[in-house]
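Have a look at the structure below, then the notes.
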Amino acid sequence: MELIGSSYKGDTKNGRMDGKGEYTFPTETKYEGEMKDGMFHGKGVLHFPNGSKYEATWENGIAKQGSFTFADGLQYQEKDWDYCDGYDRRFYSERCNGLRPAGESQLTDLHPPRLIPDGCYDCGDGFYDPNTRVVTSHTGRFLRNADDSEHEWIVRTCRKAWDEVAGVDAEKSVATIPEETSNIN
């Protein structure tokens, strides 16, 4: 596990994960829950670095039934999903807290939005540098190299540093607040 950057804390049986434990992936995604014969098995939760989570019942490493909750608390629904449909395009935070005053646009679910480093894009889970084709977390940790398909999608659809709205106060931006002290999930 150390070779690929993963770690495990918990019960073992015959040298394999078995019982309750916590498995951490190289991406810092963590699984907390039940294991059997080295696989996720039983009830467990995947906690993603951005604050979202997937709670599921697992069988031999495969999620059989589960629910996904976004970092802002919005719970995904497979049926009757009315968030961000063709009729209502508000962010979840706008649905919970109301719309911004007239003339003050909300560009992301966070307000004010994160400041994007020069020459980069905000791709949701981090920043993308098209020159190096690397996605890093909002705190600068390496996440992944983008393939051609992801590169094209990011360049076509994501917010760019050079599209920043004039008047965003860097002092109040979540990008300048350390994650440990920020109250934004």
Side-chain angles (χ1 to χ4, degrees), residues 1-7 23-31 40 45-56 61-63 66-78 81-95 100 104-170 172-180 182 184-185:
M1 279 190 245
E2 291 89 28
L3 184 63
I4 62 167
S6 297
S7 65
Y23 180 86
T24 304
F25 292 87
T27 61
E28 295 186 18
T29 295
K30 290 183 183 180
Y31 171 84
F40 303 165
V45 182
L46 279 172
H47 297 275
F48 298 96
N50 68 357
S52 59
K53 66 181 178 178
Y54 182 68
E55 298 177 75
I62 299 171
S67 64
F68 184 82
T69 305
F70 293 91
D72 60 10
L74 175 65
Q75 185 144 8
Y76 175 74
Q77 297 172 193
E78 283 193 47
W81 179 255
D82 68 347
Y83 173 68
C84 206
D85 62 15
Y87 301 104
D88 185 355
R89 303 294 296 175
R90 293 177 294 167
F91 290 106
Y92 184 63
S93 61
E94 291 176 310
R95 291 179 81 174
R100 309 281 329 146
E104 199 177 312
S105 297
Q106 184 162 337
L107 302 174
T108 70
D109 199 41
L110 297 175
H111 188 78
R114 285 187 170 88
L115 295 177
I116 304 169
D118 287 341
C120 294
Y121 294 79
D122 182 352
C123 58
D125 61 341
F127 298 121
Y128 175 66
D129 184 334
N131 297 318
T132 61
R133 290 190 166 214
V134 170
V135 177
T136 57
S137 72
H138 293 114
T139 58
R141 188 178 43 80
F142 174 84
L143 292 179
R144 66 185 173 279
N145 291 311
D147 62 15
D148 290 342
S149 174
E150 184 177 25
H151 169 83
E152 290 171 15
W153 180 83
I154 291 171
V155 170
R156 187 178 69 250
T157 62
C158 294
R159 259 183 352 113
K160 305 177 259 320
W162 51 97
D163 281 350
E164 290 289 301
V165 175
V168 171
D169 184 353
K172 295 179 184 173
S173 173
V174 295
T176 60
I177 302 170
E179 287 184 11
E180 299 83 44
S182 175
I184 299 174
N185 295 330

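Residue indices begin at 1 and follow the sequence shown.
Looking at every heavy atom in both residues, S6 comes nearest to Y23 through OG-OH, 2.9 Å. Taking all atoms of both residues into account, the shortest heavy-atom contact from C123 to C158 is CA-SG, 3.8 Å. Between A161 and D118, the shortest heavy-atom contact is CB-CA, 4.1 Å. Between D125 and V135, the shortest heavy-atom distance links the atoms OD1-CG1, 4.1 Å. G124 and H138 get closest at one heavy-atom pair: O-CE1, 3.2 Å. Pairing each heavy atom of L74 with each of D72, the nearest pair is N-OD1, 3.1 Å.
F48 and F68 have tilted rings, their planes meeting at an angle from 30° to 60° on a 0 to 90° scale. Classification of the H151-Y128 ring pair by plane angle, with boundaries at 30° and 60°, yields perpendicular.
In this structure, OG1 in T157 is found 11.5 Å from CD in E152, a value given to the nearest 0.5 Å. Atom NZ of K53 and atom CG of L46 lie 12.0 Å apart (nearest 0.5 Å). In this structure, the separation between CZ on F127 and CD1 on I154 is 12.5 Å, given to the nearest 0.5 Å. Here the straight-line distance linking atom CD1 of I116 with atom CG of D129 works out to 12.5 Å at 0.5 Å rounding. Taking CG of D148 as the start and CZ of R133 as the end, the distance is 5.0 Å to the nearest 0.5 Å. Rounding to the nearest 0.5 angstrom, the gap separating the OG1 atom in T69 from the OH atom in Y54 is 11.0 Å.
For the pair P49 and R141, the minimum side-chain heavy-atom distance is below 4.5 Å.
The local environment of CD in Q75 is crowded, with over 12 non-hydrogen atoms from other residues, nucleotides or ligands closer than 6.0 Å.
Between N50 and S52, the side chains place a donor N or O and an acceptor N or O closer than 3.5 Å (distance only, hydrogens not considered).
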